[in-house]
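See below for the structure under consideration.
Each ligand, and each atom within it, is numbered from 1 in the order the structure gives.
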Amino acid sequence: MTSFDFLIVGAGFAGVTMAEQIATRLNRHVLVVDRRKHIAGNMYDGFNDAGILVHLYGPHIFHTNNKRVFDYITQYTEWRNYQHRVFAYVDGRFVQFPINLNTMQELLGRSFDPEQMNAYFESVRAKDVTVRNSRDVIVSKVGEELYNKFFKNYTKKQWNRYPDELDASVIARIPVRLNRDDRYFTDVYQGLPKYGYTRLFERMVSHPNIHLMLGVDYREIKGMVPYQKLIYTGPIDEYYDYRFGALPYRSLRFVHETIDQPFYQSVGVVNYPNDYEFTRITEMKRLTGQEHSKTTIVYEYPTDDGDPYYPVPTEESKERYRQYAGLAEQDDGVLFLGRLGTYKYYNMDQVIAQALSVFEKEIVTKYSHS
Ligand SMILES: Cc1cc2nc3c(=O)[nH]c(=O)nc-3n(C[C@H](O)[C@H](O)[C@H](O)COP(=O)(O)OP(=O)(O)OC[C@H]3O[C@@H](n4cnc5c(N)ncnc54)[C@H](O)[C@@H]3O)c2cc1C
């Protein structure tokens, strides 16, 4: 049986970045195994029956301020320039989100400049709040009214918990802008791979030292494939047979609908904080720029069952993760990486950055000469 230097579980950005580095820089052999039948992890995209390019696991927009990550990934793709814009459907109208001067004008029916918006927030925000949870973050910034319109029910749908039951970090990422910048992200580098994520991944794994085994669960080959080191980007609790209990995740059910008209909505994503059971609708062509007489939209319904997408950040789950991380620290045979391996909400650029840095710290030093 072939012997590999490394066995990598998971063909998402964590696993494939690591495989690419090991193959190209150390000239070592890697076997990448994924239980899905395809590479690219959650970034996987492909053409549907109507011939429209869709993201199978939710809309993915690449954005980063990290030049090193951007330069690294740019070796494998050209880019489509795309600045992501989101509307929220609130009080029967579509308004820009994140909240900015235009949003306030639309909602409150009078014009705002930065000073007036500041003064408004100052008059409505909850004062003397010790920020302990996501509700505290928002009401101490924008007050009850905007909290109720934009955040409270969206969060309940997304997490099945109200913001006061969730760690402050969950909503802390969402900015409020004292200008008219209506872009969802303001990172220096933004875009979508010109020919899709799957093509980008195909290029990353196209190296004679990288071997793929798709549609196979690690547990099916455990003990059968010899290797020196295991790199695991699947769920850490599953790896340790849930011995401290399962780490909670929130999942999504995606419902795709192809409509016989060129466009459905005017921006890539529309959030529905207060209406319907779905949280948002994505129109894929708005992201990819594809020209087609029809269009595909995707509804997202949050659920507890299904693929693990979002780690649920509560004190209890963090403590449980710490127990697993403790086991991992003492386990020399395996390295955990990625969103599932380290139980952390990471964007793509953060996962790539993590893989590049772990490669330098843990792999280059130990495996470049042996
Ligand atoms: C709905 C949604 C939208 C997102 N949008 C964005 C965005 O716009 N921009 C952005 O930067 N990030 C976005 N993200 C985050 C992005 O998806 C993650 O950063 C990325 O997927 C992390 O890569 P990964 O390699 O850690 O994990 P994954 O992509 O999940 O890859 C892990 C792989 O491991 C495999 N695996 C697990 N266990 C096993 C096993 N036992 N045996 C074999 N294989 C196994 C899985 O099948 C999976 O393919 C979004 C995430 C979601 C859920």
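- For Gly15, no nitrogen or oxygen atom sits less than 3.5 Å from a nitrogen or oxygen atom of ligand 1, counting backbone and side chain alike.
- If you check each of Arg35, Glu300, Arg280 against atom 36 (N) of ligand 1, the one with the closest non-hydrogen atom is Arg35.
- Taking a cut-off of under 4.0 Å to the non-hydrogen atoms of Gly12, the atoms of ligand 1 that pass are 25 (O), 29 (O), 31 (O).
- Of the protein's non-hydrogen atoms, the one nearest atom 16 (C) of ligand 1 is Arg339 NH1, 3.3 Å.
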Ring pair (Phe, Tyr, Trp, His ring centres under 6.0 Å), that's the test. Do Tyr272 and Phe278 meet it? Break it down for me. CA-CA 7 Å; Tyr272 289 85; Phe278 50 83; 5.3 Å; yes
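- At a heavy-atom distance under 4.0 Å, only side-chain atoms of Glu238, from C-beta outward, approach ligand 1.
- Lys152 forms a cation-pi arrangement with Tyr162, by the criterion of a distance under 6.0 Å to the ring centre and an angle within 45° of the ring axis.
- In this structure, the side chains of Tyr299 and Tyr276 stay at 4.5 Å or more apart for every pair of heavy atoms.
- Remark: minimum distance from atom 50 (C) of ligand 1 to any protein heavy atom is reached at His60 NE2, 3.2 Å.
- Of the options Gly234, Pro308, Gly341, Pro302, the smallest heavy-atom separation from atom 37 (C) of ligand 1 is shown by Gly234.
- Of the protein's heavy atoms, Met348 N, 2.8 Å lies nearest to atom 11 (O) of ligand 1.
- Heavy-atom proximity to Leu252, at under 4.0 Å, picks out these atoms of ligand 1: 1 (C).
- When all heavy atoms of Leu247 and Asp237 are compared, the closest pair comes out as N-OD2, 2.8 Å.
- Atom 34 (O) of ligand 1 has its closest protein heavy atom at Gly10 CA, 3.2 Å.
- Note that OH of Tyr343 and CZ of Phe336 are 15.0 Å apart. Values are rounded to the nearest 0.5 Å.
- Remark: minimum distance from atom 52 (C) of ligand 1 to any protein heavy atom is reached at Tyr310 OH, 3.8 Å.
- The residue from Tyr309, Tyr232, Tyr346, Tyr197 that puts a heavy atom closest to atom 53 (C) of ligand 1 is Tyr309.
- Taking the ring centre of Tyr76 as origin, the terminal cationic atom of Arg203 falls outside the region bounded by 6.0 Å and 45° from the ring axis.
- In terms of heavy-atom proximity, Asp5 sits nearest to His29 at OD2-N, 2.8 Å.
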Can you give me every donor-acceptor pair (side chain of residues 34-47, partner residue at least two apart or in another chain, under 3.5 Å) with its distance?
residue	atom	partner	partner atom	Å
Asp34	OD1	Arg36	N	2.9
Asp34	OD2	Ala11	N	2.7
Arg35	NH1	Asp217	OD2	3.0
Arg35	NH1	Glu238	OE1	3.4
Arg35	NH1	Glu238	OE2	2.8
Arg35	NH2	Glu238	OE1	3.3
Arg36	NE	Tyr57	OH	3.4
Arg36	NH1	Gly41	O	3.3
Arg36	NH1	Asn42	OD1	3.0
Arg36	NH2	Asn42	OD1	3.0
Arg36	NH2	Asp307	OD2	3.0
His38	NE2	Tyr57	OH	2.8
Asp45	OD1	Tyr197	N	3.4
Asp45	OD1	Thr198	N	3.0
Asp45	OD1	Thr198	OG1	2.8
Asp45	OD2	Tyr197	N	2.6

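- In summary, the atoms of ligand 1 found under 4.0 Å from a heavy atom of Gly338, numbered by their order in the structure, are 26 (O).
- The heavy atom nearest to atom 9 (N) of ligand 1, out of those in Ile61, Leu192, Leu337, Asn42, is found in Ile61.
- If you number the atoms of ligand 1 from 1 as listed, the ones under 4.0 Å from a heavy atom of Arg36 come out as 47 (O), 48 (C), 49 (O).
- Any N or O atom pair closer than 3.5 Å counts here, and Asp34 shares at least one such pair with ligand 1.
- Counting non-hydrogen atoms of other residues, nucleotides and ligands closer than 6.0 Å to NZ of Lys294 gives a total of 12 or fewer.
- The distance from atom OG of Ser357 to atom CD of Gln350, rounded to the nearest 0.5 Å, is 12.5 Å.
- Distances shorter than 4.0 angstrom occur between a heavy atom of Pro235 and an atom of ligand 1.
- Arg80 forms no cation-pi arrangement with Tyr82, by the criterion of a distance under 6.0 Å to the ring centre and an angle within 45° of the ring axis.
- Ion pairing between a basic and an acidic side chain is recognised when a charged N comes within 4.0 Å of a carboxylate O; Asp181 and Arg183 show such pairing.
- Those atoms of ligand 1 with a heavy atom of Val9 less than 4.0 angstrom away are 39 (C), 40 (C), 42 (N), 43 (C), 44 (N), 45 (C).
- Backbone and side-chain nitrogen or oxygen atoms of Tyr345 are examined, and none is located within less than 3.5 angstrom of a nitrogen or oxygen of ligand 1.
- Here atom 12 (N) of ligand 1 lies nearest to Asn347 when heavy atoms of Asn347, Thr233, Val216 are compared.
- Nearest protein heavy-atom neighbour of atom 3 (C) of ligand 1: Pro59 O, 3.5 Å.
- Ranking the protein heavy atoms by distance from atom 25 (O) of ligand 1 puts Ala14 N, 3.0 Å first.
- Looking at atom 41 (N) of ligand 1, its nearest protein heavy atom turns out to be Asp217 OD1, 3.2 Å.
- For atom 27 (O) of ligand 1, no protein heavy-atom neighbour is found at a distance under 4.0 Å.
- Ligand 1 places these atoms under 4.0 Å from at least one heavy atom of Tyr218: 40 (C), 41 (N), 42 (N), 43 (C).
- A perpendicular orientation is assigned to the rings of His84 and Tyr184, their planes being inclined by more than 60° (bins at 30° and 60°).
- At least one test fails for Arg28 against the ring of Tyr367: distance under 6.0 Å to the centre or angle within 45° of the axis.
- A distance of 9.0 Å separates CD1 in Ile8 from CG in Leu31, rounded to the nearest 0.5 Å.
- Heavy-atom proximity to Tyr57, at under 4.0 Å, picks out these atoms of ligand 1: 1 (C), 2 (C).
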